Amino acid sequence: MNLILKLLFLAVSLTPALTLLTWGDGTLAWPLFGGFELLFELGPLSAFFLLLLALGTPLVALPMARGTPDRAAYGLFALLLLGMQMLLLAGDFLGLFIGWEVMTWSSYLLLIRSTRTTLEGAQTYILFNLASAFLLLAGMLVFYSLTGDFRIAPLTEASAAGRWAVFILLGLAFLIKVGALPLHRWIPLGYDQAPDLFSAVLAGLISKMGLYGLLLLPTLFPDALAGLSGRLLNGPAAGYGLAWIGAITAVVATFKAISQQDIKRLLAYSSIAQLGYVVTAIGVGSSLAVGGAIFQTLVHTLVKLLLFITFAGIVLQTGQRRFNDLGHLIDRMPMAFFAVLIGIIGLAGMPPLPGFAAKYLMFVGLIDARWLLLLAAMMLSSTAAFIYCYRLIYGPFLGHANSPEARTATEAPWSYLVPQVVLMGLLVLLGIFPGFAIEVIVDPVLMTLGLTPIGAPSWGELATPYGGYDGVVLMTVFGGAFVIVTALFWLARGQMRRAGSPYDLSFAGEVPTADTPLHYGAGMGRELRRIPLIGWILAHTTAGVQAGLTRQTLAAAGLLGGLYRRDPQTWTLLAVLVLVVASTLLALNGGWF
């Protein structure tokens with residue numbers, strides 16, 4: 001019976017791939033009451049995000065199926081997949097909202113099944129996600145009031161006030177799901193407290209639903225958001241504010257990641273920072289920038305799945321998640337070491353992996369738009385990211401093992417290793433063939449958004465008006481250098497002198513013992529607090545702002561409660577005053593929308 005349950009669970013994880021492969025060109029309509037109907041269709045944009053689900057869900061499901069079947073978790077995971085597929089296939093806002101709610105509640109129920117989940121973490125997760133759902137509901141109702149239809153289509157006939165209302169409401173709903181500052185607080189808590197493998201789903205898949213929503217915005221407004229308020233330099237003026245939200249998110253979250261002592265919290269903040277790049281690129285609105293955003297979305301999905309699954313295996317084998325409790329796992333978990341090595345190269349955007357191509361396109365898009373201050377902010381964040389990427393490889397794998405579990409750990413089970421190998425292979429292949437990703441994956445989405453395709457001379461080349469590179473040559477050079485250096489170390493291993501003890505070193509004139517903490521990765525990054533701007537970022541959080549909003553909300557609730565206790569004459573007078581003010585505004589404005 002247990003085997004049958006596991007096989008059914010793995011079969012359910014394949015449903016996004018089956019949907020992607022079997023869906024035709026037609027539209028599926030499901031009639032509802034009052035003449036409404038749910039429309040489902042598969043376009044290039046939804047197909048791209050469905051591809052991410054098709055790649056990610058089986059790789060996460062495989063290690064989840066290890067051990068005794070968890071019937072409740074299996075059922076909730078299936079419901080989560082249903083919700084995400086429904087919102088991606090929805091051709092109208094009704095289906096999008098229903099899928100969004102199914103995704104929200106099923107993910108929340110999976111989160112609270114963790115023994116680490118606190119009341120604060122659970123409440124923060126559901127309140128932020130409910131706020132996202134309510135904003136989405138408000139946005140779709142305003143859209144319906146303007147068009148008389150829930151179908152997702154360009155909003156061209158509405159007034160400026162109506163278009164801005166839809167843009168702001170939907171934009172805020174999707175930015176919460178992405179985790180843009182200051183709407184991010186639920187992400188570090190949720191990723192930290194969720195079951196280790198479910199954190200991979202949160203970072204790699206669920207966060208992409210917010211990006212899907214943000215990429216829907218250019219389809220609602222003509223000329224890639226420029227129809228809202230014109231253009232600024234070579235980009236949309238409306239997108240300029242969105243781009244700054246993404247840039248500030250990337251910079252602040254990067255330095256927050258550097259200061260973390262817990263691996264999962266570091267990965268949570270790095271996810272916020274990486275998605276900040278994507279938000280900035282979407283704000284630019286050009287083919288190069290949005291193409292880079294789409295490419296970065298694909299790379300981020302693969303990298304986050306790889307890193308979270310790998311560290312879930314490390315936690316499984318050691319029971320430790322903090323840097324100062326790990327160390328020297330390179331000999332005991334070599335596969336995990338290579339997985340993290342590939343992951344951080346992709347995360348940092350270094351050649352020869354595809355993160356380099358994605359960042360290159362986004363940076364070129366900012367240069368083309370002449371948004372150079374935003375470019376500087378993005379480059380600051382991207383450069384600083386090397387610090388936390390180094391921590392991810394140094395902390396767990398190098399240095400001294402600082403716990404008995406780290407000293408006796410062994411490689412994770414095969415169900416964790418198979419996804420690691422598959423994800424590493426996909427990242428290497430995309431690094432070799434960036435042109436394939438552009439022509440087959442990115443360009444169809446760009447054409448759906450009304451943008452010019454980027455194109456590629458061949459599957460192995462990336463080319464823009466500002467330059468390009470050959471992925472095959474780049475991978476050959478870097479791969480060859482790696483093989484040569486590794487071979488030299490291997491050949492010289494017999495001539496190398498090994499220390500008699502890992503503690504055989506000079507330490508302030510004293511000889512350290514096994515109880516002496518010698519794990520540099522534990523305190524790495526603390527010295528950055530001395531830099532004024534970075535110290536200010538690390539010393540401040542959004543918790544104070546949210547506490548202030550809570551106080552204001554309670555005060556407003558108390559005022560409203562006081563009004564309810566007054567006599568009916570007071571209420572009648574207030575109603576008359578509101579009616580007079582509303583009528584005056586309508587008369588002056590010629591109608592709200």
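Not measured: the values here are computed from a predicted model.
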Check your understanding: Could you go step by step and tell me if Ile438 and Phe433 meet the side chain to side chain contact (heavy atoms under 4.5 Å, CB included) rule?
Key -> CA-CA 9 Å; Ile438 294 297; Phe433 303 111; over 6 Å; no

Revision key, fill the gap. Gly190 and Leu111 have their tightest heavy-atom pair at O-CD1, 3.6 Å

**Study point:** All salt bridge (Lys or Arg N to Asp or Glu O under 4.0 Å) counterparts of Lys264, not counting sequence neighbours
**Key:** Asp196

**Study point:** From CG (Leu189) to CD (Gln123), nearest 0.5 Å
**Key:** 11.0 Å

Check your understanding: Does the pair Ile206 and Phe198 meet the rule for a side chain to side chain contact (heavy atoms under 4.5 Å, CB included), with working shown?
Key -> CA-CA 10 Å; Ile206 293 179; Phe198 184 57; 4.2 Å; yes

Check your understanding: Between the side chains of Lys359 and Ser382, does any donor sit under 3.5 Å from an acceptor?
Key -> yes

Practice item. Might you point out which heavy atoms bring Ala250 and Ser381 nearest each other, and give the distance in Å? Key: O-OG, 3.0 Å

**Study point:** Heavy-atom pair with the smallest gap, counting every atom of Val60 and Val201
**Key:** CG1-CG2, 3.6 Å

Exercise for review: For Leu136 and Ala173, work out which heavy atoms get closest and say how close.
Suggested key: N-CB, 3.6 Å

Review point. Do the side chain of Thr383 and the main chain of Leu380 share a donor and acceptor less than 3.5 angstrom apart?
Key: no

Practice item. Take Trp23 and Leu28 through the side chain to side chain contact (heavy atoms under 4.5 Å, CB included) test and state the conclusion after the steps. Key: CA-CA 10 Å; Trp23 193 280; Leu28 176 64; 4.3 Å; yes

Practice item. Kindly indicate, with the supporting measurements, whether the criterion side chain to side chain donor-acceptor pair (under 3.5 Å) is fulfilled by Tyr388 and Ser259. Key: CA-CA 8 Å; Tyr388 69 69; Ser259 67; over 6 Å; no

**Study point:** Under 3.5 Å: donor-acceptor pair, side chain of Arg391, backbone of Ile258
**Key:** yes

**Study point:** Close side-chain approach of Leu298 to Phe48, heavy-atom, < 4.5 Å
**Key:** yes

Review point. Is the count of non-hydrogen atoms from other residues, nucleotides or ligands lying under 6.0 Å from Met379 atom CE greater than 12?
Key: no

Practice item. Kindly say whether Gly276 contributes a backbone atom to a donor-acceptor pair with the side chain of Thr280 at under 3.5 angstrom? Key: yes

Check your understanding: Would you find more than 12 non-hydrogen atoms of other residues, nucleotides or ligands less than 6.0 Å from Phe134 atom CZ?
Key -> no

Review point. Roughly how far, to the nearest 0.5 Å, is CG of Leu242 from CG of Leu217?
Key: 8.0 Å

Practice item. Flag the pair Phe150 / Tyr144 as yes when their ring centroid distance falls below 6.0 Å, and as no otherwise. Key: yes

**Study point:** Interatomic distance, Asp92 atom CG to Asp149 atom CG [nearest 0.5 angstrom]
**Key:** 8.0 Å

**Study point:** Inter-residue atom distance Asp368.CG - Ser287.OG, 0.5 Å rounding
**Key:** 9.5 Å

Exercise for review: Report yes if some heavy atom in the side chain of Thr19 is under 4.5 Å from a heavy atom in the side chain of Leu89; otherwise report no.
Suggested key: yes

Check your understanding: Do Ile344 and Tyr390 pass the side chain to side chain contact (heavy atoms under 4.5 Å, CB included) test, and can you show the C-alpha distance, the side-chain angles, and the key distance before you say yes or no?
Key -> CA-CA 8 Å; Ile344 65 170; Tyr390 178 71; over 6 Å; no

Check your understanding: Within the side chain of Asp443, is there an N or O that forms a donor-acceptor pair under 3.5 Å with the backbone of Pro453?
Key -> no

Point to revise | Closest heavy-atom pair and its distance - Val284, Pro236 | key: O-CD, 2.8 Å

Check your understanding: Is the backbone N or O of Gly435 less than 3.5 Å from a side-chain atom of Glu439, with the two atoms forming a donor-acceptor pair by type?
Key -> no

**Study point:** Flag for Ser271-Gln274: side-chain donor and acceptor within less than 3.5 Å
**Key:** no

Review point. Does a side-chain heavy-atom distance below 4.5 Å link Leu220 with Leu170?
Key: yes

**Study point:** side-chain contact (heavy atoms from CB on, under 4.5 Å), paired with Trp100, selected from Leu87, Asn129, Leu137
**Key:** Leu87

Check your understanding: Without hydrogens or angle criteria, can the side chains of Ser207 and Lys304 be said to hold a donor-acceptor pair below 3.5 Å?
Key -> no

Review point. Looking at OG1 of Thr297 and NZ of Lys208, how far apart are the two atoms once the value is rounded to the nearest 0.5 Å?
Key: 7.0 Å

Review point. Are the side chain of Thr249 and the backbone of Ile245 linked by a donor-acceptor contact shorter than 3.5 Å?
Key: yes

Revision key, fill the gap. Applied to residues 266-302, the ring pair (Phe, Tyr, Trp, His ring centres under 6.0 Å) test, sequence neighbours excluded, yields none

Exercise for review: State whether the side chain of Trp459 and the backbone N or O of Ala437 hold a donor-acceptor pair below 3.5 Å, judged by distance alone.
Suggested key: no

Check your understanding: Quick check: does any side chain N or O of Lys256 sit under 3.5 Å from a backbone N or O of Ser270, one acting as donor and the other as acceptor?
Key -> no

Practice item. Write down the atom of Ser199, the atom of Tyr191, and the distance for their closest heavy-atom approach. Key: OG-O, 2.9 Å

**Study point:** Met140 CE to Ile152 CD1 distance, which is reported to the nearest 0.5 Å
**Key:** 9.5 Å

